[in-house]
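Any value given below was found using the heavy atoms of this structure, including those in side chains, with hydrogens, waters and symmetry copies removed. Residue numbering restarts at 1 for every chain, and letters A, B, ... go by the order of the sequence lines.
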Amino acid sequence: MFLSKKGVTSLPICPSGSAGCQVSLGNLFDRAVKLSHYIHSLSSEMFNEFDERYAQGRGFITKAINGCHTSSLTTPEDKEQAQQIHHVDLLNLVLGVLRSWNDPLLHLVSEVQSFKEAPDTILWKAMEIEEQNKRLLEGMEKIVGQVHPGEIENEVYSKWSGLPSLQMADEDSRLFAFYNLLHCLRRDSHKIDNYLKLLKCHLIHDSNC
Amino acid sequence: MDLRQLLLTLMLVWANDSFSTSEVLLERPHFIKCRSPELETFSCHWTNRDFHNLTTPGNIQLLYMRRNDEEWKDCPDYVTAGENSCYFNTSYTSIWITYCVKLINKDEVFDEKCFSVDEIVQPDPPVGLNWTLLNISLTGIHADIQVRWEPPPSADVLKGWITLEYELQYKEVNKTKWRELEPMLTTAVPLYSLKLGRDYEIRVRSRQRASEKFGEFSETLYVSLSSISPVLYVEVVSELEFPLLLVVIFGTFGVIVVMALILFSKHQRLKMLILPPVPAPKIKGIDPNLLKKGKLDEVNSILACHDSYKAQLYNDDSWVEFIELDIDDPDEKADGLDTDRLLGDNHLKSHNCLGVKDDDSGRASCCEPDIPETDFSASDICDGTSDIDRSKKISEKEEDLLCLDQNDNDESLASPDDPTAQKPNINIQSEDNQSKPSSADSIESPSPPVHTQLSNQSSVANIDFYAQVSDVTPAGSVVLSPGQTNKTRRTQCEAYTEPAIQCQPRFTMDNAYFCEADVKKCITATSHDAAEPHVQEQNFIEDVYFTTESLTTTAENPGPAAEASSTEMPVPDYTSIHIVHSPQGLVLNATALPVPDKEFVISCGYVSTDQLNKIMP
């Protein structure tokens, strides 16, 4: 894979509560976009690796019609919808998706390790995604705090119940569960990346990126 | 032949059969690709070939189903995307949702495919390629250009809905292999080191960031660098390159040859030019080593034998400082009783024996060794010197200085007994390093006889024909003068008997320097004159001070020498350098010299060879 881990290692964000530390919204968005792009790159790579290694010839793709656990969140599905939705709502949706992935990523890391002959790259990527996802969540919370300060909405997120499927004894089923999870991860990371870029161009650059 | 024909026929039949079956398979409609150029619409293309073997030439249908749907739907647009295609506009397109499409003809499913739109993004090619010249290298061979393009108009990059990255490829027109640059996010990139005089082709393609598949290439941009004028220069240069190179090479070679010829033919002259030899002093009586070593103080002292020079010099404090006697250190003073050396019985290899420091202080006598301070290695020749030095450790007080002449007389009188070719060392200056340990050891024995001799001779001498201290400068330097007038001072030295003085009348004046030449005149009257002066002259030590061999001789033969010396010449204040016995010493001449020019009075007493030449006859 030519996608390389470029540019995003650690973007320090002001610790919450520190009064004198005020990063501009543009900076926050820049950092968030970088993180989201990084997560999406890693997810794509991981999925492709997994696909090449384990899922060839199994026809998983046809079965991947199964939805992701985040499908319950009504996220915009095309550009028009994304433009019509209010940016605060969109931000909250992004937060919801990110929160929804906290748990699955954690279990993904632990379960991938149990995979026999799991390549180190997949494991490392899983761990990296899990960590960066937390940081993106923090950053997004800061952005929401700046864009829409005050009331904090109920934390909307989707629960994930796919852990049993990841631990199934049947290897095929387990592989399919992983495949599905990784597929969903790739998709959602792409979604978040697109939303954030849209928001950034709209809010910061006034639709003139 | 028959067999071959049979085989060939069979093969053909078999191929036909197989071909016919695979033909059906090959012609089965199937999806070529489904593609979304901008993440807003997508289209699917398939192959469809009418072949007569199909029983029902029906239309091929595309059905699609989204994940959420329950039934298959027909393609909304078969036209927009061209033949055998299905186009889904924005209303039908949902991103991040799985689509499944299938090709059917009636009930026959030819192909089926599932995907989501974000996975099939392949942007349109960039547009608006152009290039500008950045710069041309100094050699005129290479140039840098900047290539720009616009993102595909279909992609909404302004709103950030899609992020594209681009890949540029370029090559020379006549080459086949394209060179690629790394994918970049910007829409402009410089190309470095393109060759002038060549034409290049450039093309750009784009893809969604973090995707794998690139879109189609843009139109090829032609960059014609052959039309740039510096190319003419380059061509001219390249044309001239070869002969120029030859010219340069041969020119260099010729220059080298010429220079070698000059070098070898005028070897000596060049040598003279580059490394001019240091002119040897042409002054008689002056040791060239004196000048070489830069002991100009000594030269000055020698030259100061002259009357007027002395007068001028005497006014100059720096001259006075030439004569330096280290009063502070009693030990050293005793070692440095130069008058003894003046008397010439110190057969010293001065630099080995006396250990007199060669500092700037001038020597009161014209004959003083130039002794490097560190070389105290034992030397057989030094026996006499160290002996005398030891014996000179009598007193460091000023009275001793005043009695230098007497002491030196005493000791130098004793030294001629040494058989070896030792050189007397007239060193009025007492140095710091006047310990001559090594050589002194061997000389211990003769010292008592020296003393006895001195005492014997001192009783005889009433004539002060050695230099004595006439004055002591505040700097500690000692001014010597020939001594009849200093009898009073001599009387202070009760311990020392007066040496036999020969040729004394010469030195009645206050001579700062004692000149051997005067003494030589004394010697001439003696019976020993012929051989010994020469012998002793030859034994001059290697220093800037003249030896007092002749003085020694004179001391040995007090009587006749005194008579001879009592006649004639007015005693000059200073002796002039008469002979320079290189490298050993100087023979001073007491003849009156013409008034030296003012040039003589040079600070620090440096006298150039030319000036010396003027002085000397």
Which atoms of A/H205 approach chain B - backbone, side chain, both or neither, heavy atom under 4.5 Å: neither
Any ion pair linking B/K175 and B/E201 (charged N to carboxylate O, less than 4.0 Å)? no
Contact part of B/T163 toward chain A, heavy-atom cut-off under 4.5 Å: side chain, backbone, both or neither? side chain
By a 4.5 Å heavy-atom criterion (distance strictly below it), what part of B/E38 contacts chain A: side chain, backbone, both, or neither? neither
Can a salt bridge be assigned to the pair A/K134 and A/E130 using a cut-off of 4.0 Å between side-chain N and carboxylate O? yes
Top residue by heavy-atom pair count (under 4.5 Å) with chain B, among A/H202, A/E77, A/K79? A/K79
Side chain, backbone, both or neither of A/Q81 within contact of chain B (heavy atoms, under 4.5 Å): neither
Please check if any side-chain donor atom of A/D188 sits under 3.5 Å from a side-chain acceptor atom of A/W101, or the reverse. yes
One option among A/K197, A/E80, A/H37 has the most heavy-atom pairs under 4.5 Å with chain B, and it is A/H37
Which portion of B/S94 sits near chain A, non-hydrogen atoms under 4.5 angstrom: both
Is atom NZ of B/K171 surrounded by more than 12 heavy atoms (other residues, nucleotides or ligands) closer than 6.0 Å? yes
Presence of salt bridge, B/R207 and B/E212, under 4.0 angstrom: no
Take a 6.0 Å sphere around OH of B/Y170 and say whether it holds more than 12 heavy atoms from other residues, nucleotides or ligands. yes
Given heavy-atom pairs under 4.5 angstrom as the criterion, report whether the side chain, backbone, both or neither of A/T75 touches chain B. neither
